[in-house]
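Take a look at the structure set out below.
In what follows, chains carry the letters A, B, and so on, assigned in the order in which the sequence lines appear, proteins first and then strands, with residues in each chain numbered from 1.
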Amino acid sequence: MKKEKIQAPKGVSEYVPPASREFEWVREKLITPARMAGYSLMELPTFEDTQLFTRGVGESTDVVSKEMYTFEDRGGRSITLRPEGTAGVMRAVIEHNLDRGQLPVKVWYSGAFFRAERPQAGRYRQFYQVGIEAIGLDDPAIDAEVIAIADQGFKSLGLKRFRLEITSLGDSASRAAHHIELDKYISNLDLDEATSQRAKINPLRLFDDKRDEIKKLMSKAPLLMDYLSQESMTHFAEVQSHLKALKISFAINPYMVRGLDYYTGTTFEFIHEDLGAQSGIGGGGRYDGLMEQLGGQALSGIGFGLGVDRALLAARAEEVVPVETFTSQLFIIPLGAQAKSEALVIASQLRGHGHVVEIAFGERALKGAMKAADKSGAKFVVVLGDSELSSGSVELKEMSSGDSKSVRITSLHEAL
RNA sequence: GUGGGCGUAGCUCAGCUGGUAGAGCACCCGGUUGUGGUCCGGGAUGUCGCGGGUUCGAGCCCCGUCGCUCACCCCA
């Protein structure tokens, strides 16, 4: 009797061959620029004390208030699957006293994150992000470098149809002054219930509304950009001049809103043009009060999170995903039991020399095995039968040309 | 959480006004004994997402449910 099939939980993204190779490729490309800029790996738990997020990300945010996977563990502790990466990094930096050493602390991470949202194109309940954090520097140059690292990651994938938007959320004094004026402005608008409710939680959200009538209403609203303190303005101007020096094009978007409470100052977003509603492929910014909020020193920080799933969708949309990112060099077809045993030994030795080697297993006929070799994409194939075993040499056949030459088994690793 | 579309072989899909399933691709085997990609021949495969209901009879109709998908919302 056939048992009922068990399916993956709703809305998760998973990658199986052959698509998993594309995923690996994207993730590696996004990580590389961070490594090359001297960032070190931070490998953290996927679940944390719930308080880390309520306190770090902010209870008023949608992410915390309605999108977290929270449960009680067997010891009665409240645990949450991480919905984002920065809070966890801060917690670990504080816990391991990394902030007591040389600054800045520069780390990168990569892994799965969880949000209980309604799935749609590019939005999953378990998704993958690559991120970096640079902690303990106020220098605008580090802001530019962080942005440049993300930009480099996307460019190295071959992406072209994306843009960078930046803004400054200023310091807390700037925001407080603006908040009062914005509230005053919004209170005079005629809004529906849901919208005014959103405005109450975060008035900046209205700037992000997609409806034309709201856009129109908000077109004369006071902008945070106009309330920036002298310091914030200077900082932001320097970030921009660094970006220009780096030849990274950007647009200032004074309407940009980020959904996490900790952002301050420089804030940015990478948006892809071919992705539909979920077009943000990466984003980040400063979070100058976060560490203190979590019980650490009052150190500033800046970082980003890049969506691996979305970057892959973007790469597919632009058709820049390499066709074959994995091919073996040699495919060995053994004929007979003794040859099979010998094939295992030869393959093992060649792999020791750094060659990618596959063997035809099972009892397939030679023709079938050749087909398998062809499909594996292997560059070379050898047939290993009785005559080869006794002579000690094989015909090394190049699949693309069909040419072959006689090679001693013992010197195969040089011939490859 | 709200709304729209969809769910038939591994994949892409067809299936007329209800009469118990098909194509292409992929896969496997073979085309005389140990060499692939083309060509030819043959073959396996579906509880038609799941559960109810209407009917003599349902892949086609109705209800529910699960999932996928797109948008709102939110964001990576």
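Contact annotation for A/F113: no contact, since no heavy-atom pair falls under 4.0 Å across all strands. Using a 4.0 Å heavy-atom distance criterion, A/G402 is classed as a base contact. Here A/R211 lies out of heavy-atom contact (under 4.0 Å) with every strand. Looking at heavy-atom distances under 4.0 Å, A/L260 makes contact with sugar-phosphate atoms alone, never a base. Heavy atoms of A/T61 sit nowhere under 4.0 angstrom from any nucleic acid atom. Within 4.0 Å of A/G122, counting heavy atoms only, lies at least one base atom of the nucleic acid. Among the heavy atoms of the strands, none lies under 4.0 Å from A/E395. Among the protein residues, A/R115 comes within range of the nucleic acid bases, having at least one heavy atom under 4.0 Å from a base atom. Among the protein residues, A/S279 comes within range of no part of the nucleic acid, since none of its heavy atoms lies under 4.0 Å from any strand. Within the nucleic acid shown, A/A121 comes within 4.0 Å of sugar-phosphate atoms alone, with no base atom in reach, counting heavy atoms only. Backbone-only engagement by A/Q129 is indicated by non-hydrogen atom pairs under 4.0 Å involving sugar-phosphate atoms exclusively. Across all strands, A/N202 comes closer than 4.0 Å to no nucleic acid atom at all (heavy-atom distances).
The partner of B/rG51 is B/rC63, by the rule that a Watson-Crick or G-U pair needs both atom distances under 3.5 Å. Of all nucleotides present, only B/rA71 satisfies the Watson-Crick or G-U wobble test against B/rU2, with each distance under 3.5 Å. For B/rU45, there is no paired base (Watson-Crick or G-U wobble, both distances below 3.5 Å). The partner of B/rU20 is absent, by the rule that a Watson-Crick or G-U pair needs both atom distances under 3.5 Å. Of the nucleotides present, B/rG10 is the one that pairs with B/rC25 by Watson-Crick or G-U wobble criteria, both distances under 3.5 Å.
Stacking here means ring centres nearer than 5.5 Å and ring planes tilted less than 30 degrees, and by that measure A/F127 stacks onto B/rA76.
Distance CZ (A/R205) to C1' (B/rC72): 14 Å, rounded to an integer number of Å. Nucleotide B/rC72 holds its C1' atom 13 Å from the CD atom of A/E67, rounded to whole Å. Remark: P of B/rA76 and CD of A/Q126 are 17 Å apart, rounded to the nearest angstrom.
Picking from B/rA76, B/rC74, B/rG34 the nucleotide with the shortest atom distance to the side chain of A/D62 gives B/rC74.
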request  = Kindly determine whether A/T167 and A/N253 satisfy side-chain hydrogen bond (donor to acceptor under 3.5 Å, both in side chains), including the steps that lead there.
outcome  = CA-CA 6 Å; A/T167 191; A/N253 176 4; over 6 Å; no
task = For the pair A/Q349 and A/H413, evaluate side chain to side chain contact (heavy atoms under 4.5 Å, CB included) and give the outcome as yes or no after the intermediate values.
result = CA-CA 9 Å; A/Q349 285 168 350; A/H413 75 272; over 6 Å; no
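Looking at residues two or more places apart in sequence or on another chain, you find no salt bridge (charged side-chain N to carboxylate O under 4.0 Å, His left out) involving A/E67.
Counting atom types as modelled, A/R123 pairs no side-chain N or O with a base atom of B/rC70 as donor and acceptor under 3.5 Å. In terms of polar N and O atoms assigned as donor or acceptor, the side chain of A/K397 comes within less than 3.5 Å of the base of B/rG36 in a complementary pairing. Taking 3.5 Å as the limit, the base of B/rG37 and the side chain of A/D374 contain no donor-acceptor pair of atoms between them. Side-chain N/O atoms of A/E388 and base N/O atoms of B/rG34 include a donor-acceptor pair closer than 3.5 Å.
Taking atom P in both B/rC62 and B/rC6, one finds a spacing of 12 Å when rounded to whole Å.
Inspection of the A/H235 and A/D143 side chains reveals an N or O donor paired with an N or O acceptor under 3.5 Å.
Among all heavy-atom pairs drawn from A/V320 and A/L157, the shortest one is CG2-O, 3.3 Å.
The pair A/R163-A/E165 meets the salt-bridge criterion, with a side-chain N (NZ, NE, NH1 or NH2) lying under 4.0 Å from an Asp/Glu carboxylate O.
For the pair A/E269 and A/L366, both in contact range of RNA chain B, the more 5′-proximal nearest nucleotide belongs to A/L366.
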